[in-house]
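As the structure is a prediction and not an experimental result, all values here were calculated from the model.
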Amino acid sequence: MPSAHTGLQTLSACLSRETLAGSLRPGLATVVAALAASTQRIAAVVGKGGLVDILGSAGLENVQGEVQKKLDIVSNEMMIEGLSATGHLAALASEELDHHLPVAGVQAAERYLALFDPLDGSSNIDINAPIGTIFSVLPAPDGAPSDAAFLQPGRCQVAAGYALYGPATQLVLTFGQGVDVYTLNRDHGEYVLTSRGVTLPRATSEYAINASNQRFWEPPVQRYVAECQAGAEGPRGRDFNMRWNGSMVGDVHRVLSRGGVFLYPRDNKLPRKAGRLRLMYEANPMALLIREAGGLATDGALPLLDIEPTGLHQRVPVVLGSAEEVERIVRYHADA
Ligand code: AHM
Ligand code: MG
């Protein structure tokens with residue numbers, strides 16, 4: 001993540017400066033400030049771990065038939081609460097809600113839709129490993145909000161980002177003009193700009209994939225991973241390293257930080273699912289960040305940002321990261 005060190009500028013100072021300069025619309029700044037504040041509240045709860053009653057299963061299932069952890073529910077409530085009074089959000093959609101949630105009484109001309117995965121990497125909660133919140137902001141079309149209003153391709157996003165709850169809490173943010181990283185100063189309760197304009201290298205020797213699914217992968221991914229594993233003796237002529245966090249936020253953050261390629265491909269384990277990750281609030285926001293940092297994001301054939309969505313909770317295959325590796329994987333799909 002090569003970048004200029006930026007001194008101590010808070011997120012709110014950066015948002016005000018850009019709003020005054022006319023490069024950021026005031027309503028969008030308000031929405032992003034509310035998103036950031038919600039992640040700060042989640043970070044505070046996450047940081048308490050087993051000291052409070054947030055670990056373990058809530059014994060409920062979400063719309064995707066997945067068992068909800070207590071923290072999934074708590075963080076979803078914090079996001080909804082934090083986003084309900086911006087005056088600029090017409091509606092919300094979440095991994096944890098079957099349908100969109102309209103926000104009452106929003107009259108402003110400048111109106112948006114927010115989508116989020118409130119707690120990504122749920123299986124990491126109970127082992128104190130990296131988890132995060134992913135979000136996407138779209139313009140709100142005229143008229144009453146509906147699920148259909150959210151079904152805009154990822155290239156329409158006006159802001160996207162994630163909070164990573166790791167050893168440090170970081171907010172990684174784009175408005176479609178580069179990627180900035182803010183680190184939470186816990187002493188002052190503020191996000192502070194720590195890297196501006198991050199870029200990832202075109203070349204990498206590191207990949208991330210859940211190899212326990214290997215027998216279910218399609219031939220292009222089998223080929224790609226086999227060649228990486230063959231290392232210096234194989235067709236790639238160099239050794240590769242593999243890392244897997246089990247949290248997309250953690251894995252994408254590593255890719256943004258030092259390059260790499262992240263794959264959650266289509267597999268035939270659950271043929272009715274196109275992939276594991278959700279297009280609208282996982283793949284699309286990450287794809288915008290990766291594009292803005294100079295990388296590529298695809299489903300194997302199409303750029304993720306060009307996919308025409310068909311459902312709020314639609315799943316897609318995801319391959320993203322350093323351009324040379326993603327281009328190679330796209331080639332392998334085209335050749336198959
Ligand atoms: P979640 O949103 O229910 O937490 O699921 C998404 C997560 C991603 O963060 C991660 O990349 C993937 O699922 C991990 O999958 P696996 O369980 O195969 O390691
Ligand atoms: Mg998730």
Side-chain angles (χ1 to χ4, degrees), residues 1-6 9 11 14 18 23-24 32 120 132 134-138 153-164 166 170-183 193-209 224 228 236 238 240-243 245 247-265 277 279 281-307 316-334:
M1 195 178 279
S3 60
H5 194 74
T6 49
Q9 299 175 53
L11 173 66
C14 293
E18 285 175 34
S23 51
L24 179 61
V32 167
D120 178 66
I134 313 173
F135 57 83
S136 163
V137 184
L138 291 164
R155 62 173 182 272
C156 297
Q157 294 171 103
V158 290
Y162 61 80
L164 166 66
Q170 292 193 300
L171 180 76
V172 179
L173 184 60
T174 185
F175 291 102
Q177 286 169 339
V179 177
D180 295 330
V181 178
Y182 297 82
T183 302
L193 183 60
T194 44
S195 299
R196 176 185 283 158
V198 304
T199 55
L200 65 152
R202 274 187 59 79
T204 180
S205 296
E206 195 162 70
Y207 66 100
I209 192 164
Y224 178 73
C228 291
R236 302 299 305 272
R238 67 180 197 269
F240 280 74
N241 188 31
M242 205 291 288
R243 285 285 180 271
N245 266 297
S247 145
M248 188 188 201
V249 171
D251 284 309
V252 170
H253 193 71
R254 185 189 55 257
V255 168
L256 278 171
S257 300
R258 66 179 186 210
V261 59
F262 168 89
L263 302 96
Y264 217 116
L277 298 171
L279 174 64
Y281 42 79
E282 292 178 322
N284 272 345
M286 294 309 199
L288 191 66
L289 289 165
I290 291 288
R291 183 193 79 186
E292 288 302 312
L296 295 172
T298 170
D299 68 354
L302 277 181
L304 290 173
L305 295 173
D306 288 342
I307 292 178
V316 279
V318 171
V319 177
L320 58 79
S322 290
E324 280 184 10
E325 294 305 298
V326 178
E327 281 161 358
R328 175 180 289 271
I329 296 165
V330 169
R331 236 173 20 245
Y332 288 4
H333 279 82

If you look at every heavy atom in [X] and [Y], which pair is closest and at what distance?
X	Y	answer
P285	I134	CG-CG2, 3.5 Å
S322	P201	OG-O, 2.7 Å
A159	V32	CB-CG2, 4.0 Å
D120	M248	OD2-N, 3.0 Å
C14	Y182	CB-OH, 3.6 Å
D180	G197	OD1-N, 3.0 Å

Item to check | Stepwise side chain to side chain contact (heavy atoms under 4.5 Å, CB included) test for V137 and F175 | outcome: CA-CA 9 Å; V137 184; F175 291 102; over 6 Å; no
Pairing residues for [X] by the side-chain contact (heavy atoms from CB on, under 4.5 Å) criterion, not counting sequence neighbours:
X	answer
V261	Y207, Y224, L263, V319, E325, V326, I329
E324	R202, A203
D251	A208, W244, N245, R254, F262
A283	L279, L304, V316, V318

Checklist entry - Quick one: are R236 and R328 in side-chain contact, heavy atoms under 4.5 Å? => result yes
Next on the checklist: When you compare the side chain of V172 with that of V252, does any pair of heavy atoms fall below 4.5 Å?
Outcome noted: no
Checklist outcome for this item: Residues pairing under salt bridge (Lys or Arg N to Asp or Glu O under 4.0 Å) where one sits in residues 285-300, two or more places apart or in two chains, turn out to be none
Any chance you could measure [X], atom [atom1], to [Y], atom [atom2], to the nearest 0.5 Å?
X	Y	atom1	atom2	result
L320	L277	CG	CG	9.0 Å
I290	T174	CD1	OG1	11.0 Å
C228	R238	SG	CZ	8.0 Å

Next on the checklist: Set out, in order, the CA-CA distance, both residues' side-chain angles and the distance that settles side chain to side chain contact (heavy atoms under 4.5 Å, CB included) for N284 and L305, then state yes or no.
Outcome noted: CA-CA 6 Å; N284 272 345; L305 295 173; 4.3 Å; yes
With sequence neighbours left out, what residues match [X] under side chain to side chain donor-acceptor pair (under 3.5 Å)?
X	value
T183	Q170, T194
Y264	N213
R155	D306
Q157	S136

Next on the checklist: If you count heavy atoms of other groups shown closer than 6.0 angstrom to CD of E327, is the number above 12?
Outcome noted: yes
Item to check | Side-chain (S247) to main-chain (G250) donor-acceptor, under 3.5 angstrom | outcome: yes
